[in-house]
Q: 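Structure in structure tokens, see below.
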Amino acid sequence: MSLWDYVEDRWDLILFETVQHASMVAQCVLIAAILGVLIGVASYRRPRPSALATTIAGVLFTIPSLALLGLLIPPLGLGVAPSVTAIVVYALLPIIRNTIVGLQGVDPLLVDAARGIGMSRRRLLARIELPLAWPVILTGIRVATQLAMGIGAVAAYVSGPGLGEQIFSGLARLGGANAVNSALTGTIGVAILALLFDGVFVLIGRFTTPGERRAAMGGAHG
């Protein structure tokens, strides 16, 4: 059976697993983005807390994914819980790091000028610092999403949902019928999803970054 025949024969299952994978990654990245930005905002003004936040996230990031998933089985069992936990943990580092770097990179002269006109710390963050740091933060979220795609596939090791089931099932049956087709289907599916998600983030960046938004609107009117 060819790869195309394999996909056509199991289209409903593959589509279901693709939707599962996309949904899991999207939800995990959303959770990681909220946590990562909050941690970055809470720590970027002070060197020690910001260094501690990135160090802890970096240490967690270095744990091999299969090892972390295995360690999560005793407290969380199998399925969605350990999968989501692992994906969020791995997605945190680029988001925290880029949030801190982006906020620390805002021009101090703009910050001083905003303070000089009586802008409160909260308004300064919301109206000046976060908008200027947003492109850097969004890049961190894009990187985190690509990582989440791969970890989401590995999560099949703990019976996580998604396309990883196709990959692990095929690898477990190498030499058997359709084993290669199964592994290839899962791998290609994850790669396609990664490209689609990245394209979405490119559009988000274009319409949420002031300079990019003006350029896009100018091009549309032209």
Side-chain angles (χ1 to χ4, degrees), residues 13-44 49-102 136-172 182-183 186-187 189-198 200-201 204:
L13 173 62
I14 293 168
L15 181 61
F16 175 70
E17 291 175 339
T18 301
V19 172
Q20 276 189 321
H21 201 98
S23 176
M24 178 175 65
V25 168
Q27 292 177 65
C28 290
V29 170
L30 177 61
I31 294 169
I34 293 170
L35 291 175
V37 171
L38 287 176
I39 292 170
V41 166
S43 62
Y44 78 100
S50 60
L52 180 63
T54 53
T55 299
I56 292 174
V59 169
L60 291 173
F61 187 82
T62 62
I63 301 174
S65 56
L66 285 176
L68 180 60
L69 287 165
L71 291 171
L72 290 172
I73 292 175
L76 299 178
L78 298 171
V80 173
S83 304
V84 169
T85 302
I87 294 171
V88 170
V89 165
Y90 284 111
L92 278 174
L93 176 61
I95 299 173
I96 292 174
R97 184 175 57 198
N98 279 42
T99 300
I100 292 172
V101 169
V136 180
I137 296 171
L138 184 62
T139 298
I141 297 173
R142 286 177 66 182
V143 172
T145 303
Q146 301 307 304
L147 289 168
M149 280 291 172
I151 302 300
V154 179
Y157 173 71
V158 292
S159 301
L163 288 165
E165 175 60 29
Q166 290 287 332
I167 298 172
F168 272 71
S169 175
L171 294 177
S182 179
T187 302
V190 170
I192 292 172
L193 277 181
L195 290 172
L196 291 174
F197 269 67
D198 201 56
V200 169
F201 280 115
I204 291 173

Q: What are the two closest non-hydrogen atoms of Ala86 and Leu69, and how far apart are they?
A: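 What the structure gives for the nearest pair is CB-CD2, 3.6 Å.
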Q: Taking atom CG of Leu71 and atom CG of Leu66, what is their separation to the nearest 0.5 Å?
A: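 Output value for this atom pair is 11.0 Å.
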Q: Which heavy atom of Leu72 sits nearest to which heavy atom of Pro75, and what is that distance?
A: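 For Leu72 versus Pro75, the nearest heavy atoms are O-CD, 3.3 Å.
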Q: With side chains defined as the heavy atoms from C-beta onward, is the minimum distance between Tyr44 and Thr99 less than 4.5 Å?
A: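 The answer is no, as the side chains (C-beta and beyond) never meet within the 4.5 Å cut-off.
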Q: Within the distance-only criterion (no hydrogens, no angle test), does the side chain of Thr55 pair as donor or acceptor with the backbone N or O of Ala51 below 3.5 angstrom?
A: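 Yes, Thr55 side chain to Ala51 backbone: donor-acceptor pair under 3.5 Å.
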Q: State the CE-CD1 distance between Met149 and Ile192, to the nearest 0.5 angstrom.
A: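 Going from CE on Met149 over to CD1 on Ile192, the span is 11.0 Å.
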Q: Measure the CG-CG distance between Leu93 and Asn98 for me, rounded to the nearest 0.5 Å.
A: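 One finds 9.0 Å between CG of Leu93 and CG of Asn98.
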Q: Determine, stepwise, if the pair Val37 / Ile137 fulfils side-chain contact (heavy atoms from CB on, under 4.5 Å).
A: CA-CA 8 Å; Val37 171; Ile137 296 171; 4.0 Å; yes
Q: Got Ser83 and Val158 here, is their nearest side-chain heavy-atom distance under 4.5 Å?
A: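 Yes, side chains in contact.
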Q: In Å and rounded to the nearest 0.5 Å, what is the CD1 to OG distance from Ile96 to Ser50?
A: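 Those atoms lie 11.0 Å apart.
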Q: Do you know the tightest heavy-atom contact between Val154 and Ser65?
A: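 Looking at all heavy atoms of both residues, the closest pair is CG1-OG, 3.7 Å.
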Q: Walk me through whether Val25 and Val29 qualify under side-chain contact (heavy atoms from CB on, under 4.5 Å).
A: CA-CA 6 Å; Val25 168; Val29 170; 4.1 Å; yes
Q: Can you give me the closest heavy-atom contact between Gly140 and Ile95, atom names plus distance?
A: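 Smallest interatomic distance, heavy atoms only, reads O-CG1, 3.9 Å.
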Q: Quick one: list whatever passes side-chain contact (heavy atoms from CB on, under 4.5 Å) with Leu35, sequence neighbours left out.
A: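 Scan of Leu35 (side-chain contact (heavy atoms from CB on, under 4.5 Å), adjacent residues dropped) gives Ile31, Val88, Leu92.
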Q: How many angstroms lie between atom OG1 of Thr145 and atom CD1 of Ile141, to the nearest 0.5 angstrom?
A: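 That separation rounds to 7.5 Å.
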Q: Among pairs that include at least one residue of residues 147-166, which meet side-chain hydrogen bond (donor to acceptor under 3.5 Å, both in side chains), considering only residues two or more places apart or in two chains?
A: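 Residue pairs passing side-chain hydrogen bond (donor to acceptor under 3.5 Å, both in side chains), neighbours aside: Tyr6-Gln166, Glu17-Gln166, Gln166-Ser182.
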Q: Could you tell me the separation between the NE2 atom of His21 and the OG1 atom of Thr18, rounded to the nearest 0.5 Å?
A: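 Output value for this atom pair is 9.0 Å.
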Q: Which heavy-atom pair separates Ala194 from Gln146 by the least distance, and what is that distance?
A: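 Nearest heavy atoms, Ala194 then Gln146: CB-OE1, 3.2 Å.
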Q: Main chain of Ile151, side chain of Tyr90: is a donor-acceptor contact present, judged purely on distance under 3.5 Å?
A: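 Not confirmed, Tyr90 side chain does not pair with Ile151 backbone.
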Q: Any idea which heavy atoms bring Ile100 and Gly40 closest together, and the distance?
A: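 Scanning both residues completely, I find the closest heavy atoms to be CG1-CA, 3.8 Å.
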